[in-house]
Amino acid sequence: MDGNGRWAEARGLPRIEGHRRGSESVRDVVRAARELGLQALTIYAFSSQNWARPVDEVTALMQLLCDFVRDERDEIMQNGIRLRTIGQIERLPAFVQAPLAALVADSAAHTGMTLCLALSYGGREAIVEAARSALADGVAPAQLDEATFSARLPTRDLPPLDLLIRTSGEQRLSNFLLWESAYAELYFTDTLWPDFRRAHLGAALDAYRGRERRFGLTSAQLSDITEDN
Ligand code: FPP
């Protein structure tokens with residue numbers, strides 16, 4: 001969700017206005033994703049590193065997050081969306097944690113789209129945590145493979161990551177879903193997140209459909225597989 005600050009600064013507004021407008025983009029994109037039939041959508045809302053931002057900005061972001069959970073509750077419940085989180089949720093203030101945990105629990109059995117909020121999340125931290133849990137459980141080195149390691153990541157119950165969108169012209173991953181993005185298609189757009197809406201998601205999905213995902217194979221091999229099926 002990159003570009004909120006720049007969107008506001010370009011208009012002579014405080015950065016938080018960009019975050020407020022960015023929250024509206026989240027609402028629009030989540031609704032569009034559900035209506036388009038996406039299985040899962042993960043939003044990188046707050047990184048482990050974002051705690052180092054000015055305290056006023058962090059406080060305002062926590063309030064926006066709380067507002068989002070409160071305002072979207074009915075829509076999530078009525079549309080069968082499963083809300084879940086990844087990241088160090090225990091670091092969030094109690095006034096965010098409580099409504100968030102309640103909505104995660106209340107929507108846990110839903111079978112529609114999974115909406116995953118990455119909060120106080122870092123990809124490296126998640127990998128270290130998975131390694132720690134394997135060590136703590138006494139997993140023998142020979143028993144640890146990609147599948148057993150993935151099962152220790154917080155994304156274990158999400159489908160494989162197909163498409164990763166980064167807004168605002170930046171072209172890096174910034175510690176987001178590092179393991180999971182190994183074979184994801186990357187889509188970079190200059191659009192700032194507060195301007196990113198349903199139509200922009202559609203454009204990203206169109207671009208995704210035009211990609212050939214080879215997973216290390218050749219195009220000819222892929223054609224053979226398609227013909228066999
Ligand atoms: C990136 O823009 C955005 C963030 C670091 C925070 C986004 C979080 C919220 C808007 C809180 C509400 C959350 C939800 C899920 C509704 P930036 O500040 O890095 O922008 P810049 O690169 O232009 O400075």
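For reference, positions follow the sequence shown, starting with 1. Only heavy atoms go into these numbers, but all of them, side chains included; no hydrogens, no water, no symmetry mates. Atoms within a ligand are numbered from 1 in the order they appear, just like the ligands themselves. Treat the numbers as computed from the prediction; the structure is a model and nothing was measured.
- Salt bridge absent: Arg31 and Asp28 never bring a charged side-chain N and a carboxylate O closer than 4.0 Å.
- Counting only non-hydrogen atoms, the option in Glu57, Gln49, Arg6, Arg53 that gets closest to atom 18 (O) of ligand 1 is Arg53.
- Checking side-chain atoms of Ser25 against main-chain N and O of Pro194 turns up a donor-acceptor pair under 3.5 Å.
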(request) Decide yes or no on side-chain contact (heavy atoms from CB on, under 4.5 Å) for Asn50 and Leu61, but give the supporting numbers first. (result) CA-CA 10 Å; Asn50 286 153; Leu61 287 173; 5.7 Å; no

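- The pair Arg6-Glu9 does not meet the salt-bridge criterion, since no charged nitrogen lies less than 4.0 angstrom from a carboxylate oxygen.
- Here the protein heavy atom with the shortest distance to atom 20 (O) of ligand 1 is Gly5 N, 3.1 Å.
- Between Trp179 and Phe149, the ring planes are tilted. Angles from 30° to 60° get that label.
- Using a non-hydrogen distance threshold of 4.0 Å, Gly22 does not register as a contact of ligand 1.
- Distances below 4.0 Å separate heavy atoms of Ser23 from the following atoms of ligand 1: 10 (C), 12 (C), 16 (C).
- In terms of protein heavy-atom proximity, atom 9 (C) of ligand 1 is closest to Leu61 CD2, 3.5 Å.
- Taking 4.0 Å as the cut-off, Glu9 does not count as a neighbour of ligand 1 on heavy-atom distance.
- Among protein heavy atoms, atom 2 (O) of ligand 1 sits closest to Met1 O, 3.4 Å.
- Residue, atom and distance of the protein heavy atom nearest to atom 5 (C) of ligand 1 are Asn50 OD1, 3.5 Å.
- Nearest residue to atom 14 (C) of ligand 1 from Val96, Asp2, Leu65 is Leu65 (criterion: closest heavy atom).
- Atom 4 (C) of ligand 1 has its closest protein heavy atom at His19 CE1, 3.8 Å.
- Heavy-atom separations between Arg27 and ligand 1 are all 4.0 Å or longer.
- Side-chain atoms of Thr148 and Asp145 form a donor-acceptor pair, as typed in the model, at a separation below 3.5 Å.
- A ring pair (Phe, Tyr, Trp, His ring centres under 6.0 Å) with Phe46 holds for exactly one of Trp51, Tyr121, Phe176; it is Trp51.
- Protein heavy atom closest to atom 6 (C) of ligand 1, with residue, atom name and distance, is Ala45 O, 3.3 Å.
- Near Phe68, meaning under 4.0 Å from any of its heavy atoms, are these atoms of ligand 1: 16 (C).
- Between Tyr183 and Phe215, the ring-plane angle classifies as tilted under the 30° and 60° cut-offs.
- For Asn4, a nitrogen or oxygen atom sits less than 3.5 Å from a nitrogen or oxygen atom of ligand 1, counting backbone and side chain alike.
- Close approach of ligand 1 to Arg15 is summarised as follows: ligand atoms under 4.0 Å from at least one heavy atom of the residue are 17 (P), 18 (O), 24 (O).
- Legend: salt bridge (charged side-chain N to carboxylate O under 4.0 Å, His left out) pairs involving residues 112-129, not counting sequence neighbours, sorted by first then second residue: Glu129-Arg132.
- Not counting sequence neighbours, Glu24 has no partner by the side-chain hydrogen bond (donor to acceptor under 3.5 Å, both in side chains) test.
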